[in-house]
Amino acid sequence: MKIILLRNNLKEGLDAVSRSVAASNNLPVLKDVLIDVEDNQIKLVTTNLEIATVFHVSGKIIEKGKIAVPFGIFNDLISNLKSERLDIEKKPKKIEIKTDNYQASVNADSAEEFPVIPQIKATEYIEINSVLFKEALEQLIISAAEQSIRPELETIFLSLKEDGLKLTATNGFRLSEKTFSPSDYESSLKTEFKMLIPLKTAQNLISALKTDELLRIYFDNNQIVFKTKQLNLISRLIEGNYPE
């Protein structure tokens, strides 16, 4: 693997995937960011096994390949660099970063140890402006339960009906709702639906969405994907019945 990147582009990607890096020591590779270079794409991937974030970074590909690098060390190194152009190359058991006047190596793990990111085969979707959706989540999350013996309260309830798309959050004492009219979004779905999105997923999405663009939402019975041109955020859904 050998690539040439602009530092700002790489830092944008690292910021986007940072919140789904695992904090647990049970599986050390979950503290890594996977740099995956294939099919004319440079992808940064992190996962804590509940949420996975994939961000596509612009850059020049010299050689394909993949490697898992400790996120904290790598992110700190990139944050402190002053040069804009970065040459990054995979070496045996490490990754090498070069600028015009600096060189560093970071020990790395095999990409084969990194978990496989699940794929959703659903083709139906909801499409909405990312800023509108992000603002709605920011307004709602204060009403969701941070910790509760009722997992369904640690969620954002999303429902689609003929009259619009609704987001709801409650901790059992206060409740917030945001309703989008059909003119605010497009949907290829022909039937009504509802789902429970984990609160941490909503918080991650707020952090990852930085630009004003179209956001597509795909889902199946167990998972949901939030997708823009550069970002894919994949999360499990919560099972349960939301309060009336």
Side-chain angles (χ1 to χ4, degrees), residues 10-24 26-27 29-36 43-57 68 70-72 74-75 78-79 114-120 122 125-148 151-158 165 167-169 171 176 178 195-220 222-240:
L10 178 56
K11 192 64 179 71
E12 179 188 11
L14 291 171
D15 290 345
V17 302
S18 62
R19 290 183 64 98
S20 53
V21 178
S24 172
N26 294 337
L27 195 57
V29 75
L30 296 183
K31 291 187 175 184
D32 290 352
V33 54
L34 178 69
I35 305 175
D36 186 356
K43 296 185 290 186
L44 303 180
V45 187
T46 60
T47 182
N48 57 18
L49 300 182
E50 293 186 358
I51 303 169
T53 309
V54 181
F55 192 88
H56 295 76
V57 181
F71 180 87
F74 187 65
N75 185 51
I78 300 302
S79 297
F114 201 83
V116 176
I117 304 303
Q119 302 294 320
I120 291 182
Y125 61 87
I126 300 167
E127 187 172 74
I128 189 169
N129 179 270
S130 62
V131 172
L132 285 179
F133 198 78
K134 177 179 178 176
E135 288 177 347
L137 293 178
E138 289 172 333
Q139 294 166 351
L140 291 170
I141 58 174
I142 191 172
S143 293
E146 289 281 355
Q147 294 180 334
S148 174
E152 66 272 14
L153 297 186
E154 296 180 57
T155 68
I156 303 296
F157 179 57
L158 186 152
L165 178 69
L167 299 176
T168 309
N171 62 4
S176 299
K178 174 69 174 181
M195 66 182 72
L196 299 176
I197 302 169
L199 176 61
K200 288 183 179 179
T201 302
Q203 292 168 334
N204 281 21
L205 189 61
I206 289 170
S207 176
L209 290 175
K210 299 293 186 183
T211 57
D212 185 349
E213 57 187 325
L214 289 176
L215 172 69
R216 277 196 176 188
I217 304 171
Y218 298 87
F219 63 92
D220 59 21
N222 302 306
Q223 297 179 110
I224 188 168
V225 177
F226 300 93
K227 187 172 184 177
T228 67
K229 287 183 178 180
Q230 288 185 288
L231 176 74
N232 281 14
L233 193 149
I234 305 106
S235 170
R236 66 181 180 89
L237 294 170
I238 299 293
E239 295 183 359

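Just so it is clear, the structure is predicted and the values come from calculations on it, not from any experiment.
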- [ ] Step through the shown structure and confirm whether more than 12 heavy atoms of other residues, nucleotides or ligands are within 6.0 Å of CG on L27.
- [x] yes

Open item on the list: When you measure from the side chain of D220 to the backbone of N222, do you find a donor-acceptor pair of N or O atoms at a distance under 3.5 Å?
Closed with: yes

Task: Crowding at NZ, K11 (>12 non-hydrogen neighbours, <6.0 Å) - done: yes

Task: Expected output: side-chain S207 to main-chain N204 donor-acceptor under 3.5 Å - done: no

Task: Non-hydrogen atoms of E213 and K229 that approach each other most closely - done: OE1-N, 3.8 Å

Open item on the list: Are there over 12 heavy-atom neighbours, none belonging to E138, within less than 6.0 Å of that residue's CD?
Closed with: yes

Open item on the list: Using modelled atom types and a 3.5 Å cut-off, is there a donor and acceptor pairing between side-chain atoms of S130 and backbone atoms of L215?
Closed with: no

Task: Taking every non-hydrogen atom, the tightest pair across P115 and L30 - done: CG-CD2, 3.5 Å

Open item on the list: Any non-hydrogen side-chain atom of V225 less than 4.5 Å from a side-chain atom of I234?
Closed with: yes

Task: Smallest separation among heavy atoms of D32 and A68, with atom names - done: OD2-CB, 3.5 Å

Task: For the student: nearest non-hydrogen atoms of A202 and I156, plus distance - done: CB-CG1, 3.9 Å

Which atom pairs, one a donor and one an acceptor, fall under 3.5 Å between side chains of residues 43-55 and the rest of the protein, sequence neighbours left out?
from: T46; atom 1: OG1; to: V17; atom 2: O; distance (Å): 2.7
from: T46; atom 1: OG1; to: S20; atom 2: OG; distance (Å): 2.5
from: T47; atom 1: OG1; to: L49; atom 2: N; distance (Å): 3.0
from: T47; atom 1: OG1; to: I51; atom 2: O; distance (Å): 3.1
from: N48; atom 1: OD1; to: E50; atom 2: N; distance (Å): 2.9
from: N48; atom 1: OD1; to: I51; atom 2: N; distance (Å): 2.7
from: T53; atom 1: OG1; to: S20; atom 2: OG; distance (Å): 2.9

TODO: Sequence neighbours left out, what passes ring-ring contact (aromatic ring centres under 6.0 Å, His included) with F157? Give chain and number order.
DONE: Y242

Open item on the list: Taking L209's backbone N and O only, do any of them form a donor-acceptor pair with K134's side chain (distance below 3.5 Å, no angle check)?
Closed with: yes

Open item on the list: List the residues meeting ring-ring contact (aromatic ring centres under 6.0 Å, His included) with Y125, not counting sequence neighbours, and say none if there are none.
Closed with: Y218

